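Sharing a structure with you now.
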2 protein chains.
Amino acid sequence: MKKTTIKDIARELNVSTSTVSRALRDSYEIGAETKQRVLELAQRLDYTPDPVALSLLSSHSNDIGVIVPDISNPFFALVIAGIEDVAFAQGYHVVIYQSHDNYEREVMNVRHIANRRKDGMLVSLATGTQDYAHFKSLHDQGFPIVFFDRICDEIDTHKVSVDDFEGAYQATEHLIKQGCKTIAHISGPPNLLISRRRLHGYRSALLDYKIPIMEDIIMSSEYNSQEALVITRRLLSGSVKVDGIFASSDNIAIGSHAAITEAGLSMPHDIALIGFSDLPITGLLNPALSTVAQPAFEMGRSAAELLINLIKNPKNDRISISNVLRTGLVIRESSLRIQ
Amino acid sequence: MKKTTIKDIARELNVSTSTVSRALRDSYEIGAETKQRVLELAQRLDYTPDPVALSLLSSHSNDIGVIVPDISNPFFALVIAGIEDVAFAQGYHVVIYQSHDNYEREVMNVRHIANRRKDGMLVSLATGTQDYAHFKSLHDQGFPIVFFDRICDEIDTHKVSVDDFEGAYQATEHLIKQGCKTIAHISGPPNLLISRRRLHGYRSALLDYKIPIMEDIIMSSEYNSQEALVITRRLLSGSVKVDGIFASSDNIAIGSHAAITEAGLSMPHDIALIGFSDLPITGLLNPALSTVAQPAFEMGRSAAELLINLIKNPKNDRISISNVLRTGLVIRESSLRIQ
DNA sequence: ATGAAAGCGCTAACAG
DNA sequence: CTGTTAGCGCTTTCAT
């Protein structure tokens with residue numbers, strides 16, 4: 001029982017395949033009766049058009065590719081949910097790719113997407129990516145690309161991000177207002193724009209409040225809890241006694257949270273801690289983690305909208321939109337000293 | 001600058017497309033010199049075969065589809081990593097689908113996989129799925145399917161799972177040995193086999209140790225922390241005072257963990273808690289969460305191996321392998337009363 | 001209103 | 001050794 005094709009229908013009905021094709025697409029120049037018969041048989045035979053044949057013919061697929069560093073990061077999972085939300089409604093299927101923060105994997109994913117005639121792609125850069133040629137050449141050929149979160153300044157296309165600077169500034173300011181005098185920052189990988197912007201927000205806040213910036217307590221970690229745990233241990237056993245930590249992401253903050261607890265220090269009394277993203281888990285930690293909320297779902301929606309727009313109106317090529325979403329402080333126990 | 005095709009090469013070299021095709025696949029019956037020239041030009045023109053055309057021709061794609069309920073669940077993310085590990089090495093690309101625990105989505109995903117001529121699929125069932133016809137018909141047509149974790153007894157194909165009964169039994173036994181007298185269980189959705197098997201393990205352990213089974217303290221939750229939090233609150237405010245909880249998954253346990261803390265109860269003294277899976281986060285909680293380790297990565301590897309085997313040897317159709325992996329107790333602070 | 005033919009990119013008989 | 005032909009499933013001129 002193999003798949004029904006347009007040919008089967010044509011044979012059965014003693015018409016040509018083109019007639020069937022036209023009837024199926026409801027062409028105006030088809031006899032009402034013929035159309036009826038075709039539609040009926042198609043239904044009965046459970047006919048569905050072959051997407052691969054369509055792809056070969058038309059060079060598109062109704063699929064859009066999404067590349068994220070790591071699907072297990074709830075932030076990306078939420079963004080993807082947002083993407084699926086609008087893509088789905090518009091009849092697109094979203095295909096998920098992971099770069100595992102690895103440049104080669106990212107290149108492979110990009111190639112796969114282009115080869116399979118995906119209609120466009122959404123990407124959040126891998127940590128390891130320093131060279132953007134794989135995007136550049138596609139983009140120059142007019143292939144629709146939209147960056148989100150870990151965006152790329154070198155390519156002139158639509159982008160969606162949050163105001164990392166502002167979020168980081170507010171987080172740091174909050175710690176200051178809670179009475180912290182020696183605030184450390186655990187940054188993300190320096191080649192990511194979001195890491196640098198958050199670091200910048202941290203520095204600016206200290207500057208504005210006339211708090212000396214100490215390079216010794218500005219550390220850097222990958223965006224995962226395991227490494228952050230190690231880095232924070234190192235921070236805590238250093239010569240400078242800190243009483244506040246702003247972590248560049250919740251995953252980092254979770255590692256710091258564990259390190260602080262392990263060291264027998266109390267939050268927020270000994271050390272006030274704040275992260276960035278507002279992952280679902282943060283509210284369930286003990287003590288609950290303060291953080292900067294990022295509208296992840298909304299980010300996915302926006303990115304998908306921009307992409308689909310790009311797909312449907314390739315001429316809009318010239319004006320690149322950068323949508324910067326707002327963050328919001330979420331204060332929980334880990335940083336709340338003053339009620 | 002569009003993609004180079006085999007035709008471009010043929011024209012340039014004044015040979016036929018079939019010659020080029022053969023040269024590219026290194027056919028034995030091609031003049032060494034011609035072969036050389038073709039290969040060189042192909043290289044220079046950056047030729048890559050069009051996978052869509054290949055798919056249309058050969059009815060396969062070198063892609064395998066993976067359907068999981070939710071990519072943000074670190075357990076599935078790890079399984080996928082295992083799948084990618086072996087698939088990659090064998091030249092397959094893995095395409096990820098989410099069912100969001102929704103039956104309709106699962107059906108759509110299955111259809112997408114079949115239509116796009118994926119070579120096979122790996123699936124962990126959606127909670128909502130009660131009807132398996134969408135798998136059955138494909139399976140009957142000889143389409144390679146392997147189930148993992150949330151497996152399906154109704155379809156006779158390869159399966160990879162862990163010994164849920166044994167893991168649950170050991171977890172419960174551990175609580176008993178820690179002196180717990182009134183042990184609650186927060187189960188997963190009852191229509192999932194894994195939920196039932198874990199529940200069964202729990203019951204058997206109580207039975208063996210002659211501890212009365214109280215239906216009032218056997219609750220059920222979706223496999224996520226948010227709902228588990230609510231359910232556990234309800235459990236704690238019930239009339240029966242429990243001193244131990246075995247949660248059917250770590251995500252559930254994380255919700256329970258928060259509820260217990262919130263209620264001002266101490267772990268493990270007031271209530272000893274143990275989960276199931278050994279997600280990376282569990283070790284970072286405060287107190288750290290005891291759990292049953294599941295070899296997620298290994299599960300992915302095994303499932304992928306079975307699938308690829310199925311793809312390459314379709315005749316092996318008849319003998320269905322069920323690979324049951326072993327679990328292991330991971331005891332941390334949340335349940336360790338006796339040092 | 002419908003059919004015949006060409007073609008998307010590629011491979012595989014079948015001929016030479 | 002290499003070219004010709006046909007065809008995977010479908011749409012789309014171009015005829016009729």
Side-chain angles (χ1 to χ4, degrees), chain A residues 1-39 41-42 45-63 111-112 114-119 141, chain B residues 1-42 45-63 111-112 114-119 141 143:
Chain A
M1 174 221 174
K2 54 182 286 294
K3 265 211 64 167
T4 339
T5 75
I6 221 168
K7 243 185 186 163
D8 301 328
I9 302 185
R11 191 175 340 100
E12 187 94 359
L13 257 36
N14 270 313
V15 294
S16 75
T17 57
S18 24
T19 304
V20 176
S21 171
R22 278 187 278 243
L24 257 14
R25 351 212 84 248
D26 199 26
S27 166
Y28 62 99
E29 42 169 11
I30 283 288
E33 197 219 348
T34 321
K35 199 182 281 185
Q36 184 59 20
R37 291 171 56 217
V38 170
L39 255 29
L41 186 59
L45 260 39
D46 195 29
Y47 169 81
T48 42
D50 183 331
V52 177
L54 289 203
S55 268
L56 183 57
L57 202 53
S58 65
S59 295
H60 64 79
S61 59
N62 270 292
D63 286 345
R111 196 167 303 159
H112 197 269
N115 279 340
R116 305 300 152 116
R117 290 178 169 61
K118 304 298 179 214
D119 295 3
Q141 286 168 58
Chain B
M1 175 221 173
K2 53 183 288 295
K3 268 210 65 172
T4 4
T5 75
I6 221 169
K7 243 184 185 164
D8 302 328
I9 302 184
R11 189 172 344 99
E12 189 93 358
L13 258 36
N14 271 313
V15 294
S16 75
T17 58
S18 29
T19 304
V20 176
S21 171
R22 280 188 278 244
L24 257 14
R25 351 211 86 249
D26 200 26
S27 164
Y28 62 99
E29 43 170 10
I30 283 289
E33 197 218 348
T34 322
K35 197 180 287 185
Q36 184 60 20
R37 290 171 57 217
V38 170
L39 256 29
E40 237 169 63
L41 186 59
L45 261 38
D46 195 29
Y47 168 82
T48 41
D50 183 332
V52 177
L54 280 251
S55 266
L56 182 58
L57 199 56
S58 65
S59 296
H60 63 77
S61 59
N62 270 291
D63 286 345
R111 196 166 304 158
H112 197 269
N115 279 339
R116 306 299 153 115
R117 292 181 167 60
K118 305 296 179 215
D119 295 3
Q141 287 168 55
F143 189 87

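Just so it is clear, the values below take in all heavy atoms, side chains as well, and ignore hydrogens, waters and symmetry mates. If you're wondering where the values come from, they're calculated on a predicted model, not measured in any experiment. Letters A, B, ... mirror the listed sequences (proteins, then strands); counts begin at 1.
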Tell me the interatomic distance from B/Lys35, atom NZ, to D/dT2, atom C1', rounded to whole angstroms.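 Atom NZ in B/Lys35 sits about 13 Å away from atom C1' in D/dT2.
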Taking atom CD1 of A/Ile6 and atom CG of A/Leu45, what is their separation to the nearest 0.5 Å?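 Going from the CD1 atom of A/Ile6 to the CG atom of A/Leu45 covers 12.5 Å.
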Below 4.0 angstrom, N of the basic side chain to O of the carboxylate: do B/Arg117 and A/Asp50 qualify?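 Between A/Asp50 and B/Arg117 there is a salt bridge, with a charged N closer than 4.0 Å to a carboxylate O.
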CZ of B/Arg25 versus P of C/dT11: gap in Å, rounded?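 Rounded to the whole Å, the gap is 5 Å.
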Distance check needed: C/dA1 P versus A/Arg37 CZ, whole Å only.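 Taking CZ of A/Arg37 and P of C/dA1, I get 16 Å after rounding.
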Indicate whether the side chain of A/Thr19 and that of A/Ser16 have a donor and an acceptor atom separated by less than 3.5 Å.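 On atom types as modelled, these side chains qualify, holding a pair under 3.5 Å.
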With a 4.0 Å cutoff (strictly under), does any side-chain N or O of B/Ser21 reach OP1 or OP2 of C/dA12?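 Negative; the distance criterion is not met.
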Ion pair A/Arg116/B/Asp63, N-O distance below 4.0 Å: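 Yes, this pair counts.
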Going by heavy atoms in the side chains, are B/Leu54 and B/His60 under 4.5 Å from each other?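 When only atoms from C-beta onward are counted, B/His60 and B/Leu54 do not touch, as no gap falls below 4.5 Å.
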Using a cut-off of under 3.5 Å, enumerate the N/O to N/O pairs linking the protein to nucleotides 5-9 of chain C.
{"from": "C/dC8", "atom 1": "OP2", "to": "B/Lys7", "atom 2": "NZ", "distance (Å)": "2.9"}

May I ask you to say what A/Asn14 touches in the nucleic acid, namely base, sugar-phosphate or nothing, with a heavy-atom cut-off under 4.0 Å?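 Sugar-phosphate, backbone atoms only, no base.
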Rounded to whole angstrom units, what separation is found between the CZ atom of B/Arg22 and the P atom of D/dG3?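 Distance, rounded to whole Å: 8 Å.
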Heavy atoms only, 4.0 Å cut-off, all strands: where does A/Val52 land among base, sugar-phosphate and nothing?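 If one applies the 4.0 Å heavy-atom cut-off, A/Val52 turns out to touch nothing in the nucleic acid.
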Side-chain N or O of B/Thr19 less than 4.0 angstrom from OP1 or OP2 on D/dG3?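 Yes, because at least one side-chain N or O of B/Thr19 sits under 4.0 Å from OP1 or OP2 of D/dG3.
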Between P of C/dC10 and NE2 of B/His60, the distance in whole Å: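 Between P of C/dC10 and NE2 of B/His60: 15 Å.
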Can you tell me the distance, in whole Å, between the CD atom of A/Glu33 and the P atom of C/dT2?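 A/Glu33 atom CD is separated from C/dT2 atom P by 9 Å.
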In Å, rounded to the nearest 0.5 Å, how long is the span from CZ of B/Arg37 to CD of B/Glu12?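 The CZ atom of B/Arg37 sits 10.0 Å away from the CD atom of B/Glu12.
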Got a second to check how far B/Thr48's OG1 is from B/Leu24's CG, nearest 0.5 Å?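 With rounding to 0.5 Å, OG1 (B/Thr48) is 10.5 Å from CG (B/Leu24).
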How is A/Thr34 classified with respect to the nucleic acid when contacts are heavy atoms under 4.0 Å: base, sugar-phosphate, or nothing?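 Sugar-phosphate, backbone atoms only, no base.
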Between atom CG in A/Leu24 and atom P in D/dC10, what is the gap in whole Å?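 Computing the A/Leu24:CG to D/dC10:P distance gives 9 Å.
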